Amino acid sequence: MSATLDLTCELISRNSVTPVDGGCQRLIADRLETLGFEIHHLRFGEVDNLWAVTGDRGPLFCFAGHTDVVPPGELEQWHTDPFDPVIKDGLLYGRGSADMKGSLAAMVVATEQWLNESPETGRLAFLLTSDEEGPATDGTIKVMQWLSEQQQQIDYCLVGEPSSSERLADVVRNGRRGSLSGQLILQGIQGHVAYPEKADNPIHRVGGIIETLQAIEWDQGDERFPPTSFQISNIHGGTGAGNVIPGEVILDFNFRHGPVSPQEQLKRRFTKIVDDASDRYEINWASSNGQPFFCPPGNFIQAVCDAIAEQTGQPPQLSTGGGTSDGRFIAPSGAEVIELGPRNASIHKVNESTPVEELDQLTAIYLAILQRVLGRDR
């Protein structure tokens, strides 16, 4: 097996369902320490984080990612044990193979190759967390706060999220929409279904609110970001009895938005819609969501695109689509952030997999990026 495939398999074999790290960061840290990296294991709450850095001059390039994975789901639907890496028909199966233990392995091996090639390199770091797939409150956001206290500044950051679509490295994300989640608790008056005049059914009233929310065009987006979307993820109401009008209904929802609709503006518009329909409600806004970020085309983006074109023969498409990533916590520091990783067709699904040959290709792309970014800035 290649060095990247071997390390990917080692990482997959460590059960690290969020927020558990499963020893992944220790495995990576031991390899980086032999290369001269200064290692910091940072634990916040139940979350393990790793900051590793080497070099003492020049701009700081950082590989960022997460060692935690989502739960495997229905085990009987997996062809193999999700934490026992198996190669079949050219694919590596296992939870995290694409999201994102394959990326982590490629980062480590590319770093080993780069430092063997250029021992007098510029500054290079790794920022890893086991809280990306979870609430994201004790992971990268806390590490960034710690880095600020240490007066350390990331200049360029590559997040190993699975950005690729039809082929490896066909898409590079140079931005992400912001995410704003909340919960609406609409209160009514509980009562007997036979006497509705003595009760107030909040489920009936929330229907009109949902209709209004779904009909709104929040914005039209801009040249960098698609229009804001609003989605309801969960709705809870009722006591379980068929003859009881419930006293409240709970709605979980999310906005994905660009800069044209700041979060405070979305909160005001949402609140007014609810307020027009009811005077008995509560809105709780989540605190760990992120603002949109955008890395404009420049020297860093060009270096990434040139490296991909050299290794694959085709330049990538730049995109701000998709979900959120921990890049939202890194970009506000002033770092230029992009996301580049394996194909995302199977992520979070049963039988998650990634093409074996693309692990070495991804390693070569990461190495070519290091050669351009750190080689240019030495």
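None of the values given here were measured: they were computed from a predicted structure. For the numbers below, each heavy atom of this structure counts, side chains included, while hydrogens, waters and symmetry mates do not.
A salt bridge is absent between Glu161 and Arg176: the closest approach of a Lys/Arg side-chain nitrogen to an acidic carboxylate oxygen does not fall below 4.0 angstrom. Comment: Arg26 does not engage Asp21 in a salt bridge, judged by the lack of any side-chain N to carboxylate O separation of less than 4.0 angstrom.
Other residues, nucleotides and ligands contribute over 12 non-hydrogen atoms within 6.0 Å of the CD atom of Glu282. When the shell of 6.0 Å around CD of Gln214 is examined, it contains more than 12 heavy atoms from other residues, nucleotides or ligands. Other residues, nucleotides and ligands contribute over 12 non-hydrogen atoms within 6.0 Å of the CD atom of Gln145. When the shell of 6.0 Å around CD of Glu166 is examined, it contains 12 or fewer heavy atoms from other residues, nucleotides or ligands. For Lys267, the NZ atom sits in a packed shell: over 12 heavy atoms of surrounding residues, nucleotides or ligands are nearer than 6.0 Å. Heavy atoms of other residues, nucleotides or ligands lying less than 6.0 angstrom from CD of Glu76 number more than 12.
Taking the six-membered ring where tryptophan is involved, the planes of Phe255 and Trp218 are perpendicular, since the angle between them exceeds 60° and thus also 30°.
Listed here is the closest heavy atom pair of Leu128 and Leu104: CD2-CD2, 3.7 Å. Across all non-hydrogen atoms, the minimal contact from Asn344 to Ser165 is OD1-CA, 4.3 Å. Shortest non-hydrogen contact noted between Gln361 and Leu168 is CB-CD2, 3.5 Å. Annotation for Gly102 and Leu359: closest pair CA-CD2, 3.8 Å, computed over non-hydrogen atoms.
Applying the ring-ring contact (aromatic ring centres under 6.0 Å, His included) definition to pairs two or more places apart or across chains, those involving residues 161-198 are His192-Tyr195. Every pair passing side-chain hydrogen bond (donor to acceptor under 3.5 Å, both in side chains) that includes a residue from residues 84-99 is listed here, sequence neighbours excluded: His66-Asp99, Arg95-Glu352, Asp99-His348.
At a cut-off of 3.5 Å, with distance as the only test, no side-chain donor of Asp48 or Ser130 sits close to an acceptor on the other residue. One side chain, Thr129 or Asn49, offers a donor N or O that lies under 3.5 Å from an acceptor on the other. Counting only N and O atoms by type, the side chains of Thr324 and Ser179 include no donor and acceptor under 3.5 Å apart. Between the side chains of Asn351 and Ser346, no donor-acceptor pair of N or O atoms lies under 3.5 Å.
Leu362 contributes atom CG, which lies 11.5 Å from atom CG of Leu367 (distance to the nearest 0.5 angstrom). The distance from the NE2 atom of His257 to the CG atom of Leu266 is 6.0 Å, given to the nearest 0.5 Å. Annotation: the span from Ile250 atom CD1 to Gln187 atom CD amounts to 9.5 Å, rounded to 0.5 Å.
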Carefully, step by step, assess Arg31 and Leu7 under the rule side-chain contact (heavy atoms from CB on, under 4.5 Å). CA-CA 11 Å; Arg31 291 182 65 149; Leu7 181 53; 3.8 Å; yes
Test log, rule ring pair (Phe, Tyr, Trp, His ring centres under 6.0 Å), inputs Trp285 and Phe270: CA-CA 11 Å; Trp285 299 100; Phe270 181 92; 5.6 Å; yes
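When hydrophobic side chains of Ile, Leu, Val, Met, Phe, Trp and Tyr are connected at separations under 4.5 Å, Phe44 ends up clustered with Leu42, Trp51, Val53, Leu60, Leu127, Val143, Met144, Trp146, Leu147, Ile154, Val159, Phe293, Ile330, Val337.
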